[in-house]
Amino acid sequence: MIALTDANNFYVSCERVFNPRLEGKPVVVLSNNDACVVARSNEVKALGVKMGTPLFEMRWSATGPEGPSLVHEHQTQVFSSNYALYGDLSRRVMEVLGQFTPEVEVYSIDEAFLGLAGLSCEMVAHHMRLMVKQWTGIPVSVGVATTKTLAKIANHQAKQQGGVCVLQEPEPVLAQLPVSEVWGIGRRLTQRLEAQGITTALHLQQADLALIRQLLGIVGVRTVLELRGVACLPLERCPQPRKSCGVSRGFGRPVASLAELKQAIASYGATAAAKLRRDHRVAQSLQVFITTNRFHPQKPQYANSETIGLPYPTHDTLTIVRAALGATERLYRPGYTYHKAGVMLLDLSDGAICQGGLFRDETRRERVGRLMVAVDSLNRRFGDGTVRWAAAGLRQEWKMRSEWRSSRFTTRWDELVVVR
DNA sequence: TCTGGGGTCCTAGGACCC
DNA sequence: TCTGGGGTCCTAGGACCC
């Protein structure tokens, strides 16, 4: 049997751990740039606010721009996202789960698959829920079934039944479940299936495999088999090393000048390079993209990207940022207001395996390597941003909005919770 | 005024090889 | 008259997930 644990309204729950006054109140957490709702407390879900709703729409009202604001009328508590906090609490939740079995696959920031072979499912599921809540403050739901896809559905059930569901006989549940709720069936595939009269998970489970192969490809066939209890997706205990690593952001205000665009790209490139070093990976190429705001079609639109090969696989900020800035100069067109930009590092490989370059300056490589180690350790010890790159600018007026971020209670000495 | 970010996998088509 | 078959690699686009 496989369990899927999934935290309830995870980001909202993280905020409540350090601010119990939020309990029972409507709470939302916003995406980057304070743009969209990405986590909702049950109270907010009950108000009919959809996942992904832009904040400005919530500030209008449920009925349109003229009505009373959902935020004000219901005293909704609004938070900017605080990934330092959520990431750390996620790590703690996973650590607790790891005490029940070594068979843990961390699937996302708030979900894990667990192999329960040889364990008493019902008992373990309840115990896990209790321990995670007691030791981290985070409420989780646990679904158990014979395959990952069915465990997802069991978890969906658990959320409506007090937190635990062991799915022995899936069929009655599948009959009630819209096909769009099945893991792996998104918006487009739902349309394709519905056109064939396949509207419930049970229809999908019983569909003809040849038809599914044609309609949804090999991935869809796996989904159908998984619904039938044939495991096609193994538990992945060791995360596969990343193949790409990107950093992109929308700007806090429109950016028109090349100088500011280059600051942003330098900043994102430096962040991406630091991630690479943390993972002990190196990149062989990179891509830079810039774009105007597609939500303002009446304004002139421009979006473009450039992919560049690096002279040798590297994770050094100087090489990466220099290459990214060169691309930015070639991509830039005056006369537009830019809204978003990003740097993606591609063709990643293991940094421990280093292919020397025929014309590579080994002395410089070693010196730059030592510089990176120094910068990383200072930032690790004293907090991100302690040492920054001048190319990223000092004032950074383009920086994303983050007006309502709570403290980083668990990862910054100067932001510890205060008890009066 | 205000509309997220970071990933993965699969497929089809083109270029190229023998 | 008649123009193969089998394979790899790369890329872009489309789909999905949280």
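Excluded from the calculations below are hydrogen atoms, water molecules and symmetry mates; all remaining heavy atoms, backbone and side chain alike, are included. Below, chain A is the first sequence line, B the second, and so on; all start at residue 1.
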NA contact type, [X], heavy-atom cut-off 4.0 Å: base, sugar-phosphate, or nothing?
| X | value |
| --- | --- |
| Ile218(A) | sugar-phosphate |
| Leu189(A) | sugar-phosphate |
| Leu30(A) | nothing |
| Gln240(A) | nothing |

Fill in: Nearest-0.5 Å distance that lies between atom NZ in Lys45(A) and atom CE in Met51(A)
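Interatomic distance, Lys45(A) NZ to Met51(A) CE, rounded to 0.5 Å: 8.5 Å.
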Worksheet entry | Atom pair NE2/NZ of His339(A) and Lys299(A) - distance to nearest 0.5 Å |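 The distance works out to 10.0 Å.
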For nucleotides 5-7 of chain B, tabulate all protein N/O to nucleotide N/O atom pairs closer than 3.5 Å, reporting atom names and distance.
{"residue": "dG5(B)", "atom": "OP1", "partner": "Gly250(A)", "partner atom": "N", "Å": "2.5"}
{"residue": "dG5(B)", "atom": "OP2", "partner": "Lys340(A)", "partner atom": "NZ", "Å": "2.9"}
{"residue": "dG5(B)", "atom": "O3'", "partner": "Arg249(A)", "partner atom": "NH1", "Å": "3.2"}
{"residue": "dG6(B)", "atom": "OP1", "partner": "Ser248(A)", "partner atom": "N", "Å": "3.4"}
{"residue": "dG6(B)", "atom": "OP1", "partner": "Arg249(A)", "partner atom": "NH1", "Å": "2.9"}
{"residue": "dG6(B)", "atom": "OP2", "partner": "Ser248(A)", "partner atom": "N", "Å": "2.7"}
{"residue": "dG6(B)", "atom": "OP2", "partner": "Ser248(A)", "partner atom": "O", "Å": "3.2"}
{"residue": "dG6(B)", "atom": "OP2", "partner": "Ser248(A)", "partner atom": "OG", "Å": "2.7"}
{"residue": "dG7(B)", "atom": "OP1", "partner": "Arg242(A)", "partner atom": "NH1", "Å": "3.1"}
{"residue": "dG7(B)", "atom": "OP2", "partner": "Gly246(A)", "partner atom": "N", "Å": "2.6"}

In whole angstrom, give the distance that lies between atom [atom1] of [X] and atom [atom2] of [N].
| X | N | atom1 | atom2 | value |
| --- | --- | --- | --- | --- |
| Asn293(A) | dC2(B) | CG | P | 7 Å |
| Phe295(A) | dT3(B) | CZ | C1' | 4 Å |
| Leu215(A) | dG14(C) | CG | P | 18 Å |
| Asp6(A) | dC18(C) | CG | P | 8 Å |
| Phe289(A) | dA12(C) | CZ | C1' | 16 Å |
| His339(A) | dC2(B) | NE2 | P | 8 Å |
| Glu105(A) | dC17(C) | CD | P | 16 Å |
| Leu233(A) | dT8(B) | CG | P | 17 Å |

With a 4.0 Å cutoff (strictly under), does any side-chain N or O of [X] reach OP1 or OP2 of [N]?
| X | N | result |
| --- | --- | --- |
| His296(A) | dC2(B) | yes |
| Arg188(A) | dG13(C) | no |
| Arg222(A) | dC10(B) | yes |

Discussion item. Nearest to the Val219(A) side chain among dC10(B), dA15(C), dC18(C), which nucleotide is it?
Written reply: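 In terms of side-chain proximity for Val219(A), the closest of dC10(B), dA15(C), dC18(C) is dC10(B).
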Worksheet entry | Nucleotide of dC10(B), dC18(C), dT3(B) approaching Asp110(A) most closely (side-chain heavy atoms) |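 The answer is dC18(C).
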Worksheet entry | Qualifying salt bridge (charged side-chain N to carboxylate O under 4.0 Å, His left out) pairs, either residue in residues 315-329 of chain A, two or more places apart |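 Found Lys262(A)-Glu329(A).
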Worksheet item: Does dG6(C) have a Watson-Crick or wobble mate here (both distances under 3.5 Å), and if so which one?
Response: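 The base-pairing partner of dG6(C), which may sit in any strand shown, is dC17(B).
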Item to complete: Select from Gly217(A) and Arg294(A) the residue whose nearest nucleotide in DNA chain B is closer to the 5' end of that strand.
Response: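 On the 5' side of the pair lies Arg294(A).
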Item to complete: Tell me which of Pro241(A) and Arg213(A) sits closer to the 5' end of DNA chain B, going by the nucleotide each one is nearest to.
Response: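 Nearest-nucleotide comparison on DNA chain B picks Pro241(A).
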Worksheet item: Can Met131(A) and Gln99(A) be said to form a side-chain contact (heavy atoms from CB on, under 4.5 Å), step by step?
Response: CA-CA 10 Å; Met131(A) 289 297 103; Gln99(A) 307 211 349; over 6 Å; no
Worksheet item: Side chains of Tyr302(A) and Tyr332(A): closer than 4.5 Å at any heavy-atom pair?
Response: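 Result no, sub-4.5 Å side-chain heavy-atom pair not found.
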Discussion item. Tell me whether Lys275(A) at atom NZ has more than 12 heavy atoms from other residues, nucleotides or ligands lying less than 6.0 Å away.
Written reply: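 Yes, NZ of Lys275(A) has more than 12 neighbouring heavy atoms, counting only those of other groups under 6.0 Å.
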Fill in: Within 6.0 angstrom of Arg330(A) CZ, more than 12 heavy atoms from elsewhere
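Atom CZ in Arg330(A) is packed in, count exceeds 12.
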Discussion item. Suppose you measure atom C1' in dC16(B) against the same atom in dG4(C); what distance do you get, rounded to whole Å?
Written reply: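 Pairwise C1' distance, dC16(B) against dG4(C), rounds to 16 Å.
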Fill in: Test: Arg405(A) and Glu415(A) ion pair at under 4.0 Å
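Looking at Glu415(A) together with Arg405(A), the answer is yes, because their closest N to O distance falls below 4.0 Å.
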